[in-house]
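As structure tokens, the structure follows; a few thoughts come after it.
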Amino acid sequence: MASRRKFLKQLGAVALSSVLPASGVLAAPKSTKSKGIALHHDVAIDSSWDVIVVGGGPAGCTAAIAAAREGARTLLIEATGQLGGLGTAGMVPTWSPFSDGERMIYRGLAEKIFEESKKGVPHVKKNMLNWVPINAEYLMTVYDRLVTESGAKVLFFSRICAVEKSARDTVDTVLVANKNGLTAFRAKVFVDATGDGDLAAWAGAAFKRGYDKDGTNQLSSLCFSIDNIDMYDFNAKPSVATNGPRVSPLFQAAESGKYPLVDAYANVVLVGPRLLQFNAGHMDVDTTDPWAITDAMMLGRRKAAAYLDALRDLRPTTFATGHLVKTAPMLGVRDSRRITGDYVLTGDDWRARRTFDDEIGRNCYYIDIHGSTKPAQRYGRGESHGIPYRCLTPRGLRNVLTAGRCISADGEVYGSTRIMPCCLVTGEAAGMAAKLAIDGARCDVHKVDVARLRHRLKEEGQYLR
């Protein structure tokens, strides 16, 4: 392998090259647009970390908190200027249910974050567990406080752009771009909480896409908020959401042909006085293609305006004075890479309500595949399934864990495990496992003492069987 000095000099030239998973040098996404560029400055190296978590969404936050809590020198790298992912920057209006109808399922750090977030929506009953509205601004401060109080360091406005491996199965360095230019960050164990599985995929891990044999993606949405509605009329009239009886005027709008950008998908939640948050409008997007994401963001903003136009026309008593306050700065992604792990969780596991010896949490959300014509599959009261630790350990990578949306699952059960409460649970387990790998498994995440991991998770309040 080339010396580190030579590697740094050549960094720019390989940053746009194809993935070389066995080479031990920098690996990055494939590109046919350039043969590379030359760098004429040094790249700083930061080797002061035990654990580096990439991605500051729900999974990344709990991974960083857990790793730091266990005593690891932990860095959380986030591409935007805020923590929380889709619950904050993505403006998703509600938490998915935390309860199986009998008990809270997502415990540990997930429960703590959930309960803290409810303080930002005081109009909600304190004992409410399902479909609780999210005050995104308040939730950001919850994540800020809990992550920093744990001792983890956060680096905003920083995006990984390549991965270096010291051996076929070992990630050594992630290259990060920010206002300092390029910095090479080194750690003993890495947690991929990017949502899209960028780190693991660029390091050569296998992955799957889509929910059917053709690899069809679930549909994405761009959330938005509308202010200055008539609250009395909103509460007195049937809901404008489209996930219940067909009474919403949005069904009429979608079918009329007058509003071509409006479709019959809208989850609508009152998150504050006269303020509605919308998770609405479907878009078919390859969420690993930056050009496609760019187009989707622009289309999503046009769709948000079209939804308000339609509601002003068809429900003027509520929306005549409505004002489009904000569209999310982050696309609401439901489908991306699923990194293949030592175990692939399946739809059959979900239907069997399966329990695993190595499970690190439980999940009770229904199979919710946006874009599929198949009916949703739901559990009864008190039913859930386990999430095996082996879903967090990518095959072929020794010191990388996945957490959140990109864990190992098939396209069917992914419609259930992709939700934020489940991401919080897998993140905590990944962060804790990262420190255990360093302490007792020579940084090999596949050899973590799972009994010890489960014991510690239970000590921290996680619900396991």
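- Here the side chains of Y211 and S372 are in contact, with some heavy-atom distance below 4.5 Å.
- None of S384, S416, P97 except one satisfies the side-chain contact (heavy atoms from CB on, under 4.5 Å) rule with C364; the exception is S384.
- A salt bridge links R390 with D358: the closest approach of a Lys/Arg side-chain nitrogen to an acidic carboxylate oxygen falls below 4.0 angstrom.
- Residue pairs meeting the salt bridge (Lys or Arg N to Asp or Glu O under 4.0 Å) criterion with at least one partner in residues 190-206, sequence neighbours excluded, are D196-R405, D198-R337.
- Under the 3.5 Å distance criterion, with hydrogens and angles disregarded, no donor-acceptor pair is assigned to the side chains of T346 and R351.
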Review item, side-chain donor-acceptor pairs of residues 120-133, under 3.5 Å, at least two apart:
from : atom 1 : to   : atom 2 : distance (Å)
H123 : NE2    : L270 : O      : 3.1
N130 : OD1    : F98  : N      : 3.4
N130 : OD1    : S99  : N      : 3.2

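- Ion pair R186/D172 flagged as a salt bridge, since at least one NZ, NE, NH1 or NH2 atom sits closer than 4.0 Å to an Asp/Glu carboxylate oxygen.
- With respect to I438, the side-chain contact (heavy atoms from CB on, under 4.5 Å) criterion is satisfied by exactly one of V445, D444, D50: D50.
- Looking at E115 and K112, no side-chain N of the basic residue comes within less than 4.0 Å of a carboxylate O on the acidic one, giving no salt bridge.
- Closest non-hydrogen pair, V189 versus A434, comes out as CG1-CB, 3.7 Å.
- Below 30°, between 30° and 60°, or above 60°: for H370 and H282 the angle between ring planes is above 60°, a perpendicular geometry.
- Using a cutoff of 4.0 Å between basic side-chain nitrogens and carboxylate oxygens, R456 and E460 are scored as salt-bridged.
- Of the N and O atoms on the side chains of D286 and T288, at least one donor lies less than 3.5 Å from an acceptor on the other residue.
- Taking the side chain as every heavy atom from C-beta outward, E137 and M140 approach each other to under 4.5 Å.
- Shown here for V344 and D410, the closest heavy-atom pair between the two residues is CG1-N, 3.7 Å.
- For the residue pair Q377 and E412, a side-chain donor N or O sits within less than 3.5 Å of a side-chain acceptor on the partner.
- Taking 4.0 Å as the cut-off between side-chain N and carboxylate O, R378 and E383 do not count as a salt-bridged pair.
- Looking at R209 and N217, their side chains do bring a donor and an acceptor atom within 3.5 Å of each other.
- Side-chain polar atoms of D349 and H385 form no donor-acceptor pair below 3.5 angstrom.
- Residues F157 and E78 are not in side-chain contact: their nearest non-hydrogen atoms beyond the backbone lie 4.5 Å or more apart.
- In summary, the side chains of R381 and Y379 do not present any donor paired with an acceptor at a separation below 3.5 Å, with no hydrogens or angles considered.
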